[in-house]
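Taking it in order: structure first as structure tokens, then the write-up.
First listed ligand is number 1; within each ligand, the first listed atom is number 1. As the structure is a prediction and not an experimental result, all values here were calculated from the model.
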Amino acid sequence: MNTELELGLERRIGKRSAAVVEKHLGIITVGGLLNYFPRRYLSRGELTPISEVPLDEEVTLIARVISNSTRQMRARRGSITDVVISDDAGAHAGGPRQPGSALPGTLKISFFNGFRAKAELQPGRRAMFSGKVTRFAGSLGLTNPDFLLLDEDPDTPGMDPEKLAAMPIPVYPATAKLTSWSIQKVISTLLDTVDLDALQDPLPADISARERFLPMPEAYRLIHAPQTPGDWRKARDRFRYQEALVLQSALARRRALLAAEEATARRPVPDGLLAAFDRQLPFTLTAGQAAVGKTLSDELSQDGPMNRLLQGEVGSGKTIVALRAMLQVVDAGGQAALLAPTEVLAAQHFDSIRRTLGTLARDGLLGGFGDHTVQVSLLTGSMPTAARKQALLDAASGTAGIVIGTHALLSDNVSFYDLGLIVVDEQHRFGVEQRDVLRSKASRPPHLLVMTATPIPRTVAMTVFGDLETSVLDELPAGRAPITTHVVGLAENPAWAGRIWSRSREEIDAGHQVYVVCPKIGTDDDGDFSPGEAEPAPGELEGDGPGRELASVTAVVEHLREEPSLDGIPLAPLHGRQDPALKSETMASFTANKTKLLVSTTVIEVGVDVHNATLMVILDADRFGISQLHQLRGRVGRGGLPGTCLLVTTLEPGHPSRRRLDAVAATTDGFELSQEDLKLRREGDILGASQSGGRSTLKLLRVLEHEDIIARARQDAQEIVAGDPSLLDHPALAEAIDDYLNPEKEAFLERG
Ligand code: ADP
Ligand code: MG
């Protein structure tokens, strides 16, 4: 056992430092701090070109102070210290200058009550700054950044100046109270006191040899205290691989455990519901649907549980594939549950599945019993008590063959008679843990089919869904009309604001329907993003000036009721805070083509399927993420009618957030877009950590960049687990996996 890693920090760095580290970083063990790696490294020799500093991003840069002044705030108590910093290019530019505006090559920094900044950041000093770049009154700036004076390194007296200049400065993920510099000092103490040579290496020796990795003790020293850039690169490569191996071994172990479970085989029957359903299907399955259908059918027929992820382009027809699998299970005497992420989608599935089943669907009271029919039940959190009780009863007694619901299906009081298959639709947030809760609803492990809302790159599938086998539906059913997407920039073309509504009118006059999507519900709220899913990262949402009024459902509905070109058009609002009955009423009216124009939030983001809708207007589209926009526009062009999507924005052309819109307008290929999406987002956002407020659990691994590492580690992990299922011969690896899976860190795996 690596007892040294488990040791309390106070034993190695003293009580006081340990208390500080615990308070600010939440780290209490030696291992925790040793594995707290620098985020990046800066070199003392260089000044970061300020012209290249990206807007809206966290940066760490080295620059020289050119001025420092402090003023009292007028409206409230306190002072502001304004510091202008510059790279070398800007430092030479002299001449008169508007007060308050910054030169190119300079960055303006404001500190509120910045007493230390006032005293220390004197003109001429060089310092390292880190903070988020914002635009303020036309020039780039930082507010209250963390800073560190560089000319007074306490740790390196008498060092050869040339060596010193080359020596990388580690930049640790810091907090406002505990700077990167202080973290470095504490870790340096730790490296002096800890017995690195006593640590057991989680990496098997043959892998280390094959990859020519540094020995672990040296790697720890060099990642925290490199003398040259080559040092930290070598150390980082090692830990990155180690991270990939630990993660993949955890997943491989999980796959092995799941595969070893015994499930009930649900074999197809010759003349059952599925056969009857296939006979009445109004279209032919695409080749992909047929192939995936065969895979699912075969896996359902086995005694081991199916654990499969189905990825499919928006509109590729995943629901039919899932429904056919559910019917096979019902034929074999089991029940199937379909989990949807929202009530709107659950209700829609309930209606459309019953419609698709036609005479094969039995209504609770009417139909016969035991013949070729199946009862489909709906179970959501907000159903009236009586209906809910009935649905619970039908699930528990086995009367309901197919139960459709939201996460309410996960609650304790739901039980099934014989749950054979769980389908999770539009997976955003049913992670490992929720999958396990659902699995526990069955007396024997049920078969599981998870369907993703958007296609995801291979490596993301390998990490986030690494415990599942994957199938892909990459073709759309024939006759699917193309969707044309335009970016409507109101900043450069204000007149288009009116044109959007006359365009909507044309669509409605042609007999079609229109979606209008807004980022907010009312004028005073933060929107209707469903928690924990494709919500844009916080960083994505900024970058518009303060006070920008975003389109809200209520304001837009009011506005459109007065809009002359929409005179007499039935329109309705739809959002997550409405009463569920009102929501389903509104949705029903839109599906029935009575409501012509629906003004909604992203509640229609996934799965909603109204064939007659041909135009989607997304207002303040820059507030949404790429996958969200792609999902949203997938709601139009479904019924063989060409679809149009207008991405409306008031941001200036060149604004970074407009890149997302251009990307979405440029392609309808979901795989390409998700790749682009991941590039534009930061890693933590991909894996969800930032949304739950925590840090990203992946430290060195980047799921997009390190595809080959992840693939190699997956292979290695597979072999290790196959040869040593309980990892008895790999105790350090087993321990590293347990650390990785501790409750706090499991947030990463849970995410899905
Ligand atoms: P998604 O994969 O986005 O969930 P859906 O399952 O909602 O897509 O299917 C989109 C639409 O395509 C549905 O109206 C469905 O009935 C229809 N559809 C599915 N498969 C086919 C097919 N093979 N041919 C024609 N239409 C199909
Ligand atoms: Mg769907």
Side-chain angles (χ1 to χ4, degrees), residues 277-294 296 308-327 338-358 360-361 402 404 406 423-428 430 449-456 470-483 513 530 533-534 587 590-591 593 602-614 616 627-643 645 668-671 673-674:
F277 177 75
D278 282 347
R279 277 196 300 275
Q280 65 160 55
L281 206 61
F283 44 70
T284 23
L285 298 176
T286 64
Q289 286 174 319
V292 174
K294 174 85 171 65
L296 300 187
R308 188 160 284 277
L309 170 71
L310 174 57
Q311 296 197 54
E313 185 54 84
V314 184
S316 59
K318 296 185 285 290
T319 317
I320 292 288
V321 172
L323 180 55
R324 293 186 65 249
M326 293 194 271
L327 291 176
L338 172 62
L339 242 90
T342 63
E343 297 218 343
V344 168
L345 188 53
Q348 160 126 5
H349 269 319
F350 178 64
D351 292 339
S352 78
I353 283 179
R354 281 196 311 173
R355 219 178 321 120
T356 315
L357 286 171
L360 301 177
I402 295 177
I404 299 174
T406 52
V423 179
V424 180
D425 189 26
E426 307 292 6
Q427 161 117 7
H428 273 127
F430 291 108
L449 175 66
V450 173
M451 308 199 282
T452 54
T454 0
I456 51 179
T470 304
S471 297
V472 177
L473 276 186
D474 47 12
E475 107 198 76
L476 296 187
R480 205 37 77 68
I483 302 172
Q513 288 163 278
S530 17
E533 57 149 302
M587 217 38 230
F590 190 67
T591 310
N593 195 6
T602 51
V603 287
I604 56 143
E605 180 187 348
V606 289
V608 169
D609 191 29
V610 177
H611 288 195
N612 194 43
T614 50
M616 168 159 295
S627 329
Q628 255 185 325
L629 293 170
H630 183 56
Q631 276 294 318
L632 282 167
R633 79 172 152 184
R635 304 305 113 216
V636 295
R638 300 201 135 219
L641 302 162
C645 174
T668 49
D669 181 329
F671 279 93
L673 281 173
S674 59

>> Below a 4.0 angstrom heavy-atom separation, can you tell me which part of H611, side chain or backbone, both or neither, approaches ligand 1?
In response: side chain
> Side chain, backbone, both or neither: which part of L285 has a heavy atom under 4.0 Å from ligand 1?
Replying inline: backbone
>> Quick check on contacts: which atoms of ligand 1 are under 4.0 angstrom from a heavy atom of T319?
In response: 4 (O), 5 (P), 6 (O), 7 (O)
> Relative to the heavy atoms of T286, which atoms of ligand 1 are at a distance of less than 4.0 Å?
Replying inline: 23 (N)
>> Is it the case that ligand 1 has an N or O less than 3.5 angstrom from some N or O of G317?
In response: yes
> Where do Q311 and T452 come nearest, in terms of heavy atoms and distance?
Replying inline: CA-OG1, 3.4 Å
> Do S471 and R308 get their side chains close enough for a donor-acceptor pair, meaning under 3.5 Å?
Replying inline: yes
>> Using a 3.5 Å distance criterion without hydrogens, assess whether the side chain of E313 forms a donor-acceptor pair with backbone atoms of G670.
In response: yes
>> Donor-acceptor pair, distance only, cut-off 3.5 Å: does the side chain of E475 make one with the backbone of Q289?
In response: no
> Are R279 and F277 in a cation-pi contact, defined as NZ or CZ under 6.0 Å from the six-membered ring centre and within 45° of the axis?
Replying inline: no
> Where do D278 and R324 land on the salt bridge (Lys or Arg N to Asp or Glu O under 4.0 Å) test, with the steps shown first?
Replying inline: CA-CA 8 Å; D278 282 347; R324 293 186 65 249; 2.9 Å; yes
> Of G670, P477, S316, which has the heavy atom at the shortest distance from atom 25 (C) of ligand 1?
Replying inline: P477
> If you measure from each heavy atom of T284 to ligand 1, is any distance below 4.0 Å?
Replying inline: yes
